[in-house]
Protein chains: 2
Amino acid sequence: MLKHKHNHDECIESALEAAQKICEERETRFTPLRRRVLELVWSKHQPITAYEVLDLLSEGQKRVAPPTVYRALDFLIEEGFVHRIESLNAFVGCSDPAHKHQGHFMICTKCSNVTEMNEKSLHDVIKKAAKENGYTYENSILEIAGVCENCRN
Amino acid sequence: MLKHKHNHDECIESALEAAQKICEERETRFTPLRRRVLELVWSKHQPITAYEVLDLLSEGQKRVAPPTVYRALDFLIEEGFVHRIESLNAFVGCSDPAHKHQGHFMICTKCSNVTEMNEKSLHDVIKKAAKENGYTYENSILEIAGVCENCRN
DNA sequence: TGATGGGTTGATATTTTATAACAATCAGGG
DNA sequence: CCCTGATTGTTATAAAATATCAACCCATCA
Ligand SMILES: [Zn+2]
Ligand SMILES: [Zn+2]
Ligand SMILES: [Zn+2]
Ligand SMILES: [Zn+2]
């Protein structure tokens with residue numbers, strides 16, 4: 001269950017438009033394939049595996065091969081339009097692609113919905129912890145498993 | 001490079017003894033296989049993959065099959081003697097097996113050494129963030145990538 | 001024009017990581 | 001000893017990701 005009902009088509013559309021715009025700014029190539037893969041990642045509005053993307057991408061045409069999908073995903077991750085959820089081997093669209101970052105997520109163990117946290121304070125605490133332990137911070141993944149509000153009711 | 005030089009044999013030995021003791025308390029079975037796998041996980045004192053464990057375990061005897069290793073690792077993770085590092089598909093011995101928890105790690109991108117953080121404050125901040133976002137906290141993984149003190153020099 | 005070169009995609013094969021399913025063995029209680 | 005449940009062995013397969021090389025696209029410029 002999604003946290004809030006919303007027009008998901010619009011939601012996808014705005015993600016695609018944002019990506020397009022950012023790529024123009026950065027002069028990187030938002031090719032039809034990359035656009036289509038980003039659309040498919042958003043289509044589920046939940047974590048989606050590379051092979052699920054592959055299946056969707058292959059519908060109504062010759063089956064594509066894994067590298068096609070992985071390369072597109074690599075690009076989208078590199079640009080910050082998609083995050084990889086390590087604990088699920090799955091991918092999810094970024095809720096704030098304008099600002100490059102690694103994602104901090106909460107994952108509902110009942111419904112599999114994922115919420116991205118864009119909280120600077122949390123980010124700062126993590127950076128600080130790294131520093132205190134003598135590490136020069138590069139990036140981090142945080143994946144919290146729990147039960148979401150909807151699923152508790 | 002390890003942060004501090006130490007007698008690694010002793011280090012392994014004490015991890016094994018601690019595990020043995022905990023299993024006696026819990027009345028779970030610390031079989032020779034499970035003991036051996038835990039020993040191998042500790043032997044590297046760095047994240048080790050399941051198949052590396054498999055190779056080591058197979059030395060000087062008939063090659064064991066993957067399920068043998070994965071089942072032992074499952075047990076050790078369940079008991080809290082080993083953590084899985086999601087971003088590396090690898091496993092590492094827990095530095096504080098007496099208190100069950102999921103691990104929070106820093107991973108050096110130069111030397112691959114891993115430091116486990118057993119900081120309650122960090123744990124509390126993460127729990128708090130989950131609560132604020134409407135989630136009932138179950139557990140979490142945190143994996144910070146950075147450069148360790150040794151590797152900066 | 002058409003050669004050149006970088007970036008992208010296609011295609012084939014393989015590697016790496018993990019699990020399913022069932023048989024054999026072991027350890028403890030009656 | 002026999003039964004039972006847990007553990008381990010064995011075979012096969014699934015799932016996730018990558019290596020490699022060929023084909024294609026397209027902008028630049030000789
Ligand atoms: Zn994001
Ligand atoms: Zn839920
Ligand atoms: Zn630990
Ligand atoms: Zn290092």
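Being a predicted model, the structure only gives us computed values, none of them experimental. Quick note on labels: first sequence line is chain A, next is B, and so on, each numbered from 1.
- In the model, A:Ser140 has a side-chain atom that pairs as donor or acceptor with a side-chain atom of A:His104 under 3.5 Å.
- What separates CD1 of B:Ile85 from C1' of C:dT16 is a distance of 18 Å, to the nearest Å.
- Taking atom CG of B:Leu88 as the reference point, atom P of C:dA18 lies 11 Å away to the nearest angstrom.
- Remark: A:Arg29 is not in phosphate contact with C:dG7, judged by side-chain N or O atoms under 4.0 Å from OP1 or OP2.
- Distances shorter than 4.0 Å separate some side-chain N or O of A:Lys62 from OP1 or OP2 on C:dA11.
- The CD-P distance, from B:Glu86 to C:dT17, rounds to 13 Å in whole Å.
- Checked by distance alone, A:Tyr51 brings no side-chain donor or acceptor within 3.5 Å of a matching partner on the base of D:dA15.
- Across the interface with DNA chain D, nearest-nucleotide mapping of B:Thr28 and A:Asn89 shows B:Thr28 to be the residue nearer the 5′ end.
- Taking atom CD on B:Glu79 and atom P on D:dA6, their separation rounds to 14 Å, with Å as the unit.
- Per the geometry, CG belonging to B:Leu73 stands 13 Å off P belonging to C:dT17, to the nearest Å.
- Within the structure, a side-chain polar atom (N or O) of A:Thr68 is placed less than 4.0 Å from OP1 or OP2 of C:dG10.
- B:Arg63 has its CZ atom 14 Å from the C1' atom of D:dT10, to the nearest Å.
- Judged by atom type and distance alone, B:Arg71 reaches the base of D:dG9 through a side-chain donor-acceptor pair under 3.5 Å.
- Note: OH (B:Tyr70) to P (C:dT17) measures 7 Å, nearest angstrom.
- A salt bridge does not link B:Glu78 to B:Arg84: none of the charged nitrogens lies less than 4.0 Å from a carboxylate oxygen.
- Residue contacts for A:Arg84: at a heavy-atom cut-off of 4.0 Å it reaches the sugar-phosphate backbone alone, with no base atom in range.
- In this structure, A:Leu76 atom CG and C:dT8 atom P are separated by 12 Å, rounded to whole Å.
- Ring geometry, B:His83 versus B:His101: the interplanar angle falls from 30° to 60°, so the pair is classed tilted.
- Judged by distance alone, the side chain of B:Gln46 and the main-chain N or O of B:Cys111 form a donor-acceptor pair under 3.5 Å.
- With the nearest nucleotide of DNA chain C identified for both B:Pro66 and A:Leu33, A:Leu33 has the one nearer the 5' end.
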Quiz item: B:Phe75 and B:Thr31: side-chain contact (heavy atoms from CB on, under 4.5 Å), yes or no, with the steps?
Solution: CA-CA 11 Å; B:Phe75 172 86; B:Thr31 64; over 6 Å; no

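- Under 4.0 angstrom from either OP1 or OP2 of D:dT7 there lies no side-chain N or O belonging to B:Thr31.
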